[in-house]
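These notes concern the structure reproduced below.
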Amino acid sequence: MIPIELDVRNLKVSFSTPQGNFSAVNGISFQLHRGETLALVGESGCGKTVSALSILQLLPKSAANNISGEIIYSGKNLLSLGAKQMRKIRGEEISMIFQDPMTSLNPVLTIGEQLIETLLQHKSLNRKEALEKSVQLLGKVELYSPEEKLKQYPHQLSGGMRQRVMIAMALACEPKILIADEPTTALDVLIQAQILDLLENLKRESSMSMLLITHDLGIVVEIAERLMVMYAGDEVETGPTKSLLKNPNHPYTKGLILSRPHLGIEGKKKQRLIEIEGSVPNPNKRPTGCSFHPRCKWVMDKCRTQKPLAKNLNPNLKYNCHLDPGTI
Ligand code: SF4
């Protein structure tokens with residue numbers, strides 16, 4: 001049996017705003033196994049990033065007191081740890097890479113200063129050793145002339161190079177879990193493919209687990225073994241990537257599949273793209289019953305009043321919808 005690295009249980013997050021409290025994540029649960037990639041998928045505003053930030057306690061203070069549930073890592077509930085303990089876990093054991101490296105890298109420090117600083121903070125290395133390790137790390141993420149890159153500032157590198165630097169920084173302390181939040185969204189298609197290949201190879205070499213946050217099912221097909229689809233802060237469907245995308249049971253998952261260009265697993269070359277009408281509801285105006293009901297083609301009366309409970313089709317496959325399996 002593959003060990004569980006991260007066990008998220010009934011995670012709820014709400015934010016206090018001048019307009020009142022609103023819920024961003026409504027009790028999601030998932031497990032991340034050693035060496036696997038699990039993708040959290042959904043449109044913007046579905047709660048994916050809030051869930052990821054909760055794991056590392058990186059949410060703004062307005063939410064810090066409104067989190068409940070458990071996030072079990074290495075026998076400890078991360079939600080109960082103090083700032084000092086979390087600083088040790090962040091970077092050393094669980095790292096995160098963000099969508100836009102330009103906002104994550106310090107523009108006034110060279111790449112070398114930033115990488116060396118990360119290593120000195122978390123590893124027992126002297127400056128010379130940290131410099132050598134930085135060169136190795138940049139080589140590992142396939143940046144040519146790593147010694148030269150260490151002397152450059154972020155603005156002197158392309159978007160793809162900056163994302164490679166961010167990956168090098170995230171991997172500097174050999175974390176057990178990498179959280180990648182839309183790691184390729186800001187990049188063009190060719191560089192996107194290179195970065196995905198790189199992440200996949202690095203993950204395979206180290207048996208690291210990866211939690212991938214994305215709205216792009218094409219990326220999920222490429223690198224995630226399992227996926228969890230989220231909608232309006234709810235978990236709607238979870239299962240192995242290929243079987244779930246081939247036979248979805250939740251109308252939202254089906255909508256995401258139909259609204260994407262050919263995914264390469266269905267054997268259909270020409271398929272009309274069908275958008276999901278409407279948009280994700282405002283967090284302080286969630287519909288009653290099933291949150292997806294105003295956009296759902298299969299909506300029934302009870303969907304408007306009763307929130308669907310999870311249906312477990314087998315230990316690896318579950319979905320939250322009033323429809324019977326195989327209906328859509
Ligand atoms: Fe559609 Fe009803 Fe299922 Fe919600 S519960 S996804 S509204 S069929």
Side-chain angles (χ1 to χ4, degrees), residues 2 4-8 11 25 28-56 58 71 73 90-91 93-101 104 141 159-160 163-164 166-171 175-187 189 191-231 233 235-245 248 252-253 256-257 260 263-265 316:
I2 305 168
I4 294 166
E5 286 292 16
L6 191 74
D7 191 358
V8 175
L11 177 68
V25 178
I28 63 165
S29 299
F30 63 85
Q31 296 177 330
L32 178 66
H33 297 91
R34 182 168 304 161
E36 85 163 339
T37 297
L38 169 70
L40 298 190
V41 183
E43 294 161 281
S44 298
C46 284
K48 312 178 301 284
T49 297
V50 171
S51 306
L53 293 175
S54 307
I55 295 168
L56 287 173
L58 288 174
I71 299 176
Y73 168 75
R90 260 182 241 128
E93 307 204 28
I94 306 178
S95 278
M96 186 155 179
I97 48 177
F98 297 91
Q99 192 175 127
D100 181 3
S104 310
V141 296
Q163 194 55 293
R164 284 173 196 268
M166 285 304 301
I167 295 170
M169 286 176 80
L171 299 182
K176 292 202 176 119
I177 298 173
L178 177 67
I179 301 174
D181 187 3
E182 305 272 11
T184 57
T185 301
L187 307 173
V189 179
I191 306 296
Q192 202 174 72
Q194 291 171 2
I195 295 289
L196 291 177
D197 280 350
L198 175 66
L199 282 172
E200 184 60 12
N201 292 339
L202 293 170
K203 196 196 75 160
R204 215 176 296 127
E205 278 169 23
S206 62
S207 73
M208 178 175 74
S209 310
M210 181 153 66
L211 183 64
L212 174 72
I213 314 292
T214 183
H215 63 278
D216 188 342
L217 284 178
I219 290 177
V220 173
V221 172
E222 293 288 322
I223 66 170
E225 286 94 9
R226 287 194 307 129
L227 81 154
M228 181 168 112
V229 181
M230 291 184 70
Y231 183 76
E235 163 188 347
V236 300
E237 190 157 14
T238 305
T241 302
K242 291 196 176 166
S243 65
L244 198 149
L245 293 183
Y252 182 58
T253 313
L256 289 178
I257 295 167
R260 236 209 77 83
L263 288 175
I265 59 167
N316 299 318

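Predicted model, so just to flag it, every value in this text is computed and none were measured.
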Open item on the list: Using only atom types and a distance under 3.5 Å, with no angle test, would you say the side chain of Gln163 pairs donor to acceptor with the backbone of Thr184?
Closed with: no
- [ ] Supply the atom-to-atom distance Ile213 CD1 to Thr49 OG1, rounded to the nearest 0.5 angstrom.
- [x] 6.0 Å
Task: Val221 versus Thr241, closest heavy-atom pair with distance - done: CA-CG2, 4.2 Å
Open item on the list: Any non-hydrogen side-chain atom of Lys203 less than 4.5 Å from a side-chain atom of Ile223?
Closed with: no
Task: Note, Pro175 side chain near Ile94 side chain (heavy atom, < 4.5 Å) - done: no
Task: By side chain to side chain contact (heavy atoms under 4.5 Å, CB included) - contacts of Pro248 (at least two apart) - done: Glu237, Thr253, Lys254, Ile257
- [ ] Would you check if Asp181 and Met96 make a side-chain contact, meaning some heavy-atom pair closer than 4.5 Å?
- [x] yes
TODO: Look up atom CZ in Arg164 and atom CD1 in Ile195, then write down how far apart they are to the nearest 0.5 Å.
DONE: 4.5 Å
Open item on the list: Minimum heavy-atom separation for Ile28 and Glu235, please, with both atom names.
Closed with: CA-OE1, 3.6 Å
TODO: Report yes or no: does Thr214 contribute a side-chain atom to a donor-acceptor pair with the main-chain N or O of Glu182 at less than 3.5 Å?
DONE: no
- [ ] Compare all side-chain heavy atoms of Ser51 with those of Leu40 and state whether any distance is below 4.5 angstrom.
- [x] yes
Task: Thr238 vs Phe30 side-chain heavy atoms within contact, under 4.5 Å - done: no
- [ ] Could you tell me the separation between the CE atom of Met208 and the CG atom of Leu171, rounded to the nearest 0.5 Å?
- [x] 5.0 Å
Task: Verdict with supporting geometry, Glu36 and Ile2, side chain to side chain contact (heavy atoms under 4.5 Å, CB included) - done: CA-CA 9 Å; Glu36 85 163 339; Ile2 305 168; over 6 Å; no
Task: Distance, nearest 0.5 Å, that separates NZ of Lys176 from CG of Leu32 - done: 13.0 Å
Open item on the list: Working note: Ile55 + Leu211, criterion side chain to side chain contact (heavy atoms under 4.5 Å, CB included); need CA distance, chi angles, decisive distance, verdict.
Closed with: CA-CA 11 Å; Ile55 295 168; Leu211 183 64; 3.6 Å; yes
- [ ] Please report the closest heavy-atom contact between Ile97 and Pro183, naming both atoms and the distance.
- [x] CD1-CB, 4.1 Å
Task: Side chain proximity check, Glu43 to His215, heavy atoms < 4.5 angstrom - done: no
- [ ] Starting at OH of Tyr73, measure out to CG of Asp7 and round the result to the nearest 0.5 Å.
- [x] 13.5 Å
- [ ] May I ask you to test the Ile167-Leu178 pair for a side-chain heavy-atom distance under 4.5 Å?
- [x] no
Open item on the list: Any side-chain to backbone donor/acceptor pair from Lys48 onto Gly42? Under 3.5 Å, distance only.
Closed with: yes
Open item on the list: How close do Leu244 and Gly239 get, counting heavy atoms only, and between which atoms?
Closed with: CD1-N, 3.2 Å
Task: CG-OG1 distance between Leu199 and Thr37, expressed to the nearest 0.5 angstrom - done: 8.5 Å
Open item on the list: If we ignore hydrogens and angles and just use 3.5 Å, is the side chain of Ser209 paired with the main-chain N or O of His33 as donor and acceptor?
Closed with: yes
